[in-house]
*Asks:* 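Here it is: the structure, laid out below.
The analysis underlying the following values was restricted to heavy atoms, covering all of them including side chains, and did not include hydrogens, waters or symmetry mates. Below, read A as the first sequence line, B as the second, and so on, with proteins coming before strands; counting in each chain starts at 1.
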Amino acid sequence: MAAEPQRLDRPQAGSITSQFGRGAAAPDYLKGLNEEQRDAVLTTEGPLLVLAGAGTGKTRVLTTRIAHILNSKKAWPSEILSVTFTNKAAREMKERIGALVGAGVEGMPWLGTFHSIGARLLRRHAELVGLRSDFTILDTDDQIRLIKQLLEAANIDEKRWPARQFAGMMDNWKNRGQLPTDVSMADRSAFANGRIPELYQQYQDRLKTLNATDFGDLLLLCIKLFRENPDVLAEYHRRFKYILVDEYQDSNVAQYLWLRLLAQGKPAPEANLCVVGDDDQSIYGWRGAEVDNILRFEKDFPGAKVIRLERNYRSTSNILKAASHLIANNESRLGKTLQTDVGEPGELVMVTSVWDSDEEARQVGEEIEQFQRQGDALNSMAILVRASHQMRAFEERFITLGLNYRVIGGPRFYERKEVRDALAYLRLVSNPNDDLAFERIVNTPKRGLGDSTLQILYDAARRQGTSLTTAVRTLVETEELKPKQRTTLRQLMDQFDDWAQRAQAVPPEDAVETEELAPGIVRRHTSHADLARQVLDESGYTEMWQNDKSAEAEGRLENLKELVNSMEEFDSLSGFLEHVSLVMDRDTGEADDAVSIMTLHSAKGLEFETVFLPGWEEGLFPSQRTLDESGRAGLEEERRLAYVGLTRARKRLRVSVAQNRLTHGLWQSAIPSRFLDELPAAAVEVKDTGSAYGGYGYGGRSGGGRFDTRDPFDSLYETPGWQRARAQASSRKSAGPVTIDGDLVARSVDDGRGSKYDVGERVFHLKFGYGRIEQIEGNKLTIEFEKAGRKKVLESFVQKP
DNA sequence: GTAGGCTTGCGGCAA
DNA sequence: GCAAGCCTAC
């Protein structure tokens, strides 16, 4: 909450207006734009759809457009609503506008993600939707715990109906803008025997009592707010003269409704709504995105102008050819043809067949080292995978090679256990009634407050109708708790009182919205970062990790430090907490030169000189699961994902396909992806590895393409690898226990033949060492270990010595 | 109440 | 292959 909007409505000397000449014919910022880009910038009035292909300067158009609106004084910064999906995109946009117009960006309070703007709107009008303006925003973890409680209370078996699943379903409904009563009959029966509306409603009620929202609510409640309070909506109609949306193809129904309400200030043909996107890069269908939104834009806003940006400034023509040829297989698209602006046709796209994922990683590693010797920076190379488990092979290989790499989009910083715990402490200091935070940390670090004690607390809180903290305060005065627990809780409460007091000494917050802050008047006795440090130390939380001997403990302590340090940037504790609940990304150390490894999804919007696309196999890519769930639409989405991958490359593109892949712990022989057949022969070079194993081309039956050369099993190869492949293929068909080199791979193998071991036999166990078998029941062995004593272990855990 | 061992299940992942 | 969650034994 950096800027204060009202202040910016007043003209400010020397800010925006004086930056760019006085109405000179072609301002600087228009120079260097091509015709279509310029058109998109200058068409400020009326609905506009900018179809921006990959690498066509989409962000540049958006930012220049905002600069233009500001420069030509069509609107003040506070009168432009500009929404993105990710914080990263919002931040980048802010930076780039800043570079164009100078200090004026500071005054763009309505530039942000859908959710942060939604939260901002809700805080202003919280009372109209039954919340207080200091409501907390729950993340997925809190949500799950809350649902677990509800399911338990409703006597629903959590094993049969997992909370996670319900959370996912709820997410879907909220993405579609559905309230409990709107859930379709078909969906209702999908969980807990039709008790869905009831549970969903209970969940919503519970959120309200907790003075909390989840992410979905940030939009859903806005929609409710606007529908029920036309005067409030009208206020925003007056305020927002221009609305811009980035990555429109990713918008879901709720976001669409939200935007439509806000754009309704004028009749549809005159709405100043500009959406930018690429239907070919819509890859978030599984998250509720509706490609239909962008495909339908012209119908929704009759008279909308459509501008296509088709000149690509990123990739060589061979790369573009490959990408365009592939995406042309999709039926539902608006259709664009990218033209390269890069002179040379460049290298051919190389497609390589390898034996398995390890060889794939070896190959990629070698190539990277070779490029590096040629002088390429590691930063200019990336490996884009379909599924995150593919990353492991590359990481392992790169570690042995000593090749610097970074994984992008691993477990997010704020989702880490230690960070969440620390945040729970801070949330509780800031708001003692935050029950979810309380539950999280009562017994972390271990204080001897187990389930039974907690149950007493819950009961008391429910009886009194108060929060857990309040309930504890009364409980410790009674005899209900055991003396030990009572003392512990009393001490804990005293600590929180103490911390809360220290927090009070830190300048007040939140009142920012309407009151002008008097800078420099309040003196800080304790900065909130210091306070956080004290809380973590005094609560014993830091100590808990210091005593932890496990490998991760050190990293966790690092993360805690990083968390505390990052607090320095914020004016207040609650400001910090708000930021954290909405923001996911941590600053990735861009400093070192390193190869990037990430999923295709997280690669959207990025570009690299050299891109490796491993794992182009049926089942993995396109993902079998997507095909099963969403059929043809799913296939098209996978194809768009392939398109995104291909278009990330500027100069060099390497696609690979493995003949064997380990899936769910089983080796499976793989069929080359149908997407390989969709690459144009003229732009592609096929390379076989000629490795010791295999080398029989792609084989498979991907539908009569060039890659469908030979039947892989109709060959004379007699190498060990080949034998294995054959053994596997037949064992898969027979559905018997799967073996590789004699190792049992499949589980629960108890086929009546008994064990391959005998009683009395000496065996070896990875953890327990050597021992003698005492008893055999199916695949379970009772073993007397020489060091570890008697244990029952699964047969697959031991080996012959 | 906790630790360790086994079972199970498995996609992409913003806010 | 691996992690999260469950169950059992202390």
*Asks:* Looking at side-chain heavy atoms only, is the closest gap between A/W616 and A/R386 below 4.5 Å?
*Replies:* no

*Asks:* Quick check for you: among B/dC13, B/dC10, B/dT2, whose closest atom lies nearest to any side-chain atom of A/R625?
*Replies:* B/dC10

*Asks:* Tell me the interatomic distance from A/I117, atom CD1, to B/dA14, atom C1', rounded to whole angstroms.
*Replies:* 15 Å

*Asks:* If you measure from the C1' atom in B/dG12 to the same atom in C/dG5, how many Å do you get, rounded?
*Replies:* 23 Å

*Asks:* For DNA chain B, which ranges pair as stems of 3 or more consecutive Watson-Crick or G-U pairs, with both donor-acceptor distances under 3.5 Å?
*Replies:* B:1-10 with C:1-10

*Asks:* Check the side chains of A/S332 and A/E636 for a donor-acceptor pair under 3.5 angstrom, ignoring hydrogens and angles.
*Replies:* yes

*Asks:* Any idea which of B/dG12, B/dA14, C/dC2 is nearest the A/R386 side chain?
*Replies:* B/dG12

*Asks:* By the 4.0 Å heavy-atom rule, please label A/Q255 as base, sugar-phosphate, or nothing.
*Replies:* nothing

*Asks:* Looking at the side chain of A/E396, which of B/dC13, C/dC2, B/dG12 is the nearest nucleotide?
*Replies:* C/dC2

*Asks:* Do A/Q149 and A/E439 have side-chain atoms, one donor and one acceptor, less than 3.5 Å apart?
*Replies:* yes

*Asks:* Answer yes or no: is there a donor N or O on one side and an acceptor on the other, between the side chain of A/E617 and the main chain of A/A658, under 3.5 Å?
*Replies:* yes

*Asks:* Among the candidates B/dT2, B/dC13, B/dA14, find the nucleotide nearest to the side-chain atoms of A/T86.
*Replies:* B/dA14

*Asks:* For the backbone of A/T86 and the side chain of A/R91, can you confirm whether one donor and one acceptor N or O come within less than 3.5 Å of each other?
*Replies:* no

*Asks:* Specify the residue among A/L600 and A/G216 whose closest nucleotide of DNA chain B lies further upstream toward the 5′ end.
*Replies:* A/L600

*Asks:* Centroid distance below 5.5 Å plus an interplanar angle below 30 degrees: do A/F85 and B/dA14 meet both conditions?
*Replies:* no

*Asks:* Do we see a donor-acceptor contact under 3.5 Å between the side chains of A/S251 and A/N293?
*Replies:* yes

*Asks:* How close or far is atom C1' of B/dG12 from atom NE2 of A/H389, stated in whole angstroms?
*Replies:* 11 Å

*Asks:* Starting from C1' on B/dC13, measure out to CH2 on A/W286 and report it in whole angstrom.
*Replies:* 4 Å

*Asks:* Atom CG of A/N172 to atom C1' of B/dA14: distance rounded to whole Å?
*Replies:* 14 Å

*Asks:* Provide, to the nearest angstrom, the distance between the CG atom belonging to A/L662 and the P atom belonging to C/dC2.
*Replies:* 9 Å

*Asks:* Rounding to a whole Å, what distance do you find between A/Q143:CD and B/dA14:P?
*Replies:* 15 Å

*Asks:* Report the distance from atom CD1 of A/I597 to atom C1' of B/dG12, rounded to the nearest whole Å.
*Replies:* 17 Å

*Asks:* Would you kindly say whether A/E395 and A/Y405 are connected by a side-chain donor-acceptor distance under 3.5 Å?
*Replies:* yes

*Asks:* Could you tell me whether A/S623 contacts a base, only the sugar-phosphate backbone, or nothing, with contacts defined as non-hydrogen atoms closer than 4.0 Å?
*Replies:* base

*Asks:* Looking only at side-chain N and O atoms, does A/S602 come under 4.0 Å of OP1 or OP2 in B/dG12?
*Replies:* no

*Asks:* Tell me: CG of A/N87 to P of B/dC13, nearest whole Å?
*Replies:* 17 Å

*Asks:* Among B/dG12, B/dA14, B/dG1, which is the nearest nucleotide to the side chain of A/H601?
*Replies:* B/dG12

*Asks:* Does A/F114 offer a backbone N or O that forms a donor-acceptor pair with the side chain of A/Q255 under 3.5 Å?
*Replies:* no

*Asks:* Return the nearest nucleotide to the side chain of A/Y284; candidates are C/dG1, B/dT2, B/dC13.
*Replies:* B/dC13

*Asks:* Using a heavy-atom cut-off of under 4.0 Å over every strand shown, decide if A/N252 touches base, sugar-phosphate, or nothing.
*Replies:* nothing

*Asks:* Is any side-chain N or O of A/R392 closer than 4.0 Å to OP1 or OP2 of C/dG1?
*Replies:* no

*Asks:* Could you say whether A/S388 or A/N443 is positioned toward the 5' end of DNA chain B, judged by the nucleotide with the nearest heavy atom to each?
*Replies:* A/N443

